[in-house]
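Remarks on the structure that follows.
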There are 2 protein chains.
Amino acid sequence: MAKKGQYTYEYPHPAVTADSVVFGYDGKELKVLLIKRGAEKEASTTAYAGEWALPGGFLDVEKDKTIAYTAKRELKEETGLRLSEKEFKEFGTFSDIKRDPRERVITIAHYALVKLTEVQADTDADKAEWFSLKEVPSLAFDHDKILRDAFSRLKQDIHFQPVGFELLPEIFTLPQLQNLYESILEVKFDRRNFANKMKHYGILSEVEDGTPRHGTRTPIKYRFDKENYDRLKGNGFRLEF
Amino acid sequence: MAKKGQYTYEYPHPAVTADSVVFGYDGKELKVLLIKRGAEKEASTTAYAGEWALPGGFLDVEKDKTIAYTAKRELKEETGLRLSEKEFKEFGTFSDIKRDPRERVITIAHYALVKLTEVQADTDADKAEWFSLKEVPSLAFDHDKILRDAFSRLKQDIHFQPVGFELLPEIFTLPQLQNLYESILEVKFDRRNFANKMKHYGILSEVEDGTPRHGTRTPIKYRFDKENYDRLKGNGFRLEF
DNA sequence: AGCTTTATGCGTTGCTATTACGCAAATTTT
DNA sequence: AAAATTTGCGTAATAGCAACGCATAAAGCT
């Protein structure tokens, strides 16, 4: 254990944290993963004790190779979720001088997209909880603003990059995909035009699962064509609204 | 002057800097502003002494309200250029554990666009110099990578937001505007289609400067319609390529 | 059970935007 | 003087997009 006051510098240094906004989709609406701040182990986490906050924590100056690694490590520690560093998308720095009452703390904010249906079992329910975006409580520090910024960044990104793969289960239906887009963009699309567009991109593969499609009301099942999907991510596209 | 070893912390803290990639356009090609690192005042700047680098410097933990302010302050100190905080666009954090040989330094990277023709006089030529993007020397730290990332970010942003206003002189011609876009995107557009598109956006106002247009070869002069320009920035648009 | 409402897939039509060019005039280059 | 270049103005063909109709089966309702 480190002794108090062991680390000295010629000039004042800020603390640096990585915070993560983890979005999940349950087939109906967009959710976000929050943790409850406790006065458990570290004395430094007592600020805003008991309040809800984004998962995240301090950069380990000596061990964390990059900030993305900090985000990954802290998410695992605080919520049980294991994501790879690549899945964290950095979207901004929050550096306001008063944002943490204890000392100067700069946070590098990230967002990540996960298949809620698959990861729900892995999230440590004692510490973490999924909240509907519409029912998020007020958060510690400036995490309200960070969350708002993350959502508007996701909203922007989705116009130019497909995001379904990260959020939907492997097999899904077109109405599900459309609902996902509508949840994120907060708009409504015409059913048939949306279907045409998605099919036109060539990122969907029909799934034959034995069940002979009974009626027109049972939606056709799809999976993503990973190859075309990634190509489209690289090239970018434009989804109107 | 601060005494040595005055600032102590329970856990190690990183240093935090703000670095800026300042792009300018001289009517022909895109340029970037670099500084020559010297062993002048601060002992801490001796790393990579004599090499070219991006302007930037350490966050003043006690005085700088935000990282953007650090960027603004350091740019002024190092190059003489005065920009407002809003003109700095943050595009990423560089946090590799080995990126600075002295200690752990996290940098928040920004880019800015300026009218080269107007600011050239303000840049302190003793310390700073404008380089063509094609002739940039190899840079200190990981600044090569930061510069590459800034350029590709600018390239992305220009697809969805007009950028001419920030880079061109107040009065300019359509060929100039097209050349700017072509310089950034590294592609060629069809002259007439480009003109049609720009006119269609409604952000151009023809300038009557007495000179009765001699021949068709003297390009028509324009200025930006600031109101429509800003509206377009807000809404976003899509420039194909 | 029988009727109404809703969800899904497959299309069509008109409109707008985009692309790929042609042409004339004047300047610059050779 | 001739040739090549640059600029503005225009047009035809095409592709993409938005708005909408129709048939069918499931789900909801009385």
Side-chain angles (χ1 to χ4, degrees), chain A residues 27-29 158-160 162 164 168 171-183 185-223 228 232 235-241, chain B residues 27-29 158-160 162 164 168-169 171-183 185 187-223 228 232 235-241:
Chain A
K28 297 205 68 175
E29 55 179 3
I158 201 181
H159 281 107
F160 313 119
L168 289 173
I171 293 180
F172 57 89
T173 67
L174 261 177
Q176 274 182 318
L177 182 62
Q178 178 169 354
N179 185 269
L180 169 61
Y181 271 85
E182 291 178 342
S183 300
L185 290 172
E186 298 176 298
V187 292
K188 290 287 176 191
F189 293 106
D190 180 281
R191 204 165 34 90
R192 308 143 240 180
N193 292 338
F194 184 85
N196 284 338
K197 192 150 205 167
M198 283 298 157
K199 283 177 183 169
H200 185 254
Y201 288 140
I203 57 176
L204 300 178
S205 307
E206 215 162 307
V207 174
E208 307 280 356
D209 64 338
T211 332
R213 283 193 63 247
H214 255 294
T216 55
R217 185 132 176 195
T218 344
I220 298 175
K221 295 187 182 63
Y222 294 93
R223 70 172 78 241
N228 284 337
L232 194 58
N235 295 343
F237 70 110
R238 169 75 169 167
L239 188 72
E240 308 293 337
F241 57 98
Chain B
K28 298 205 68 175
E29 53 179 4
I158 200 181
H159 281 107
F160 312 119
L168 289 172
I171 292 179
F172 57 90
T173 66
L174 261 177
Q176 274 182 318
L177 182 62
Q178 178 169 353
N179 186 269
L180 169 61
Y181 269 86
E182 290 178 343
S183 299
L185 290 171
V187 293
K188 291 286 177 194
F189 294 105
D190 180 280
R191 205 165 34 89
R192 313 128 190 159
N193 293 338
F194 184 85
N196 284 337
K197 192 150 205 167
M198 283 297 158
K199 283 176 184 169
H200 184 254
Y201 288 141
I203 56 175
L204 301 178
S205 307
E206 214 163 306
V207 174
E208 307 281 356
D209 65 338
T211 332
R213 284 191 65 247
H214 255 294
T216 56
R217 185 131 176 197
T218 347
I220 297 176
K221 294 188 182 63
Y222 294 93
R223 70 172 76 243
N228 284 338
L232 194 58
N235 295 343
F237 70 112
R238 169 75 169 166
L239 188 71
E240 307 294 335
F241 58 100

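Residue numbers start from 1 in every chain, and the chains themselves are labelled A, B, ... in the order their sequence lines are given, proteins ahead of strands.
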Could you tell me the separation between the CG atom of A:Asn179 and the C1' atom of C:dT8, rounded to a whole number of Å? 15 Å
Ignoring backbone atoms, establish whether B:Lys199 has a side-chain N or O less than 4.0 Å from OP1 or OP2 of D:dG8. no
Of all the heavy-atom pairs spanning B:Gly27 and B:Asn179, show the shortest one and how long it is. O-OD1, 3.9 Å
Figure out the CZ/C1' separation between A:Phe189 and D:dG16, and round it to whole Å. 16 Å
Under the criterion side chain to side chain contact (heavy atoms under 4.5 Å, CB included), I'd like the reasoning laid out for B:Val207 against B:Phe172: C-alpha separation, chi angles, the key distance, then a yes or no. CA-CA 9 Å; B:Val207 174; B:Phe172 57 90; over 6 Å; no
Using whole Å, what does the distance between atom P of nucleotide D:dG8 and atom OH of B:Tyr222 come to? 6 Å
Can you check the A:Phe194 CZ to C:dA7 P distance for me, whole Å? 17 Å
What's the shortest heavy-atom distance between B:Ala195 and B:Leu174, and which atoms? CB-CD1, 3.8 Å
Rounded to whole Å, how long is the line connecting atom CG of B:Leu177 with atom P of D:dG8? 12 Å
Without decimals, in angstroms, what is the distance between A:Lys188 NZ and D:dA18 P? 17 Å
Just to verify, what does B:Arg191 make a side-chain contact (heavy atoms from CB on, under 4.5 Å) with, not counting sequence neighbours? B:Gln178
Which pair of non-hydrogen atoms, one from A:Leu177 and one from A:Gly164, has the smallest distance, and what is that distance? CD1-CA, 4.2 Å
If you pin A:His200 and B:Pro175 to their nearest nucleotides in DNA chain D, which one's is more 5'? B:Pro175
Considering only nitrogen or oxygen atoms on both sides, find all protein atoms under 3.5 Å from nucleotides 2-6 of chain C and state each distance.
| residue | atom | partner | partner atom | Å |
| --- | --- | --- | --- | --- |
| C:dT6 | O2 | A:Arg217 | NH1 | 2.5 |

Whole Å only: how far is the CD atom of B:Gln176 from the C1' atom of D:dT6? 14 Å
Check nucleotides 19-21 of chain D for protein N or O atoms closer than 3.5 Å to its own N or O atoms and list the pairs.
| residue | atom | partner | partner atom | Å |
| --- | --- | --- | --- | --- |
| D:dA19 | N7 | A:Asn193 | OD1 | 3.4 |
| D:dA19 | N7 | A:Asn193 | ND2 | 3.0 |
| D:dA19 | N6 | A:Asn193 | OD1 | 3.2 |
| D:dC20 | N3 | A:Arg192 | NH1 | 3.4 |
| D:dC20 | N4 | A:Arg192 | NH1 | 3.4 |
| D:dG21 | N7 | A:Arg192 | NH1 | 2.8 |
| D:dG21 | O6 | A:Arg192 | NE | 3.4 |
| D:dG21 | O6 | A:Arg192 | NH1 | 2.9 |

Expressed as a whole number of angstroms, how long is the span from B:Lys221:NZ to D:dG8:P? 11 Å
Is the closest side-chain heavy-atom distance between A:Tyr181 and A:Pro162 below 4.5 Å? yes
Sorted by chain and residue number, the salt bridge (Lys or Arg N to Asp or Glu O under 4.0 Å) partners of B:Glu182 (sequence neighbours excluded) come out as B:Lys188
Residues in ring-ring contact (aromatic ring centres under 6.0 Å, His included) contact with B:Tyr222, at least two apart in sequence or another chain: none
Side-chain N or O of B:Lys197 less than 4.0 angstrom from OP1 or OP2 on C:dA17? no
Residues in salt bridge (Lys or Arg N to Asp or Glu O under 4.0 Å) with A:Lys199, at least two apart? none
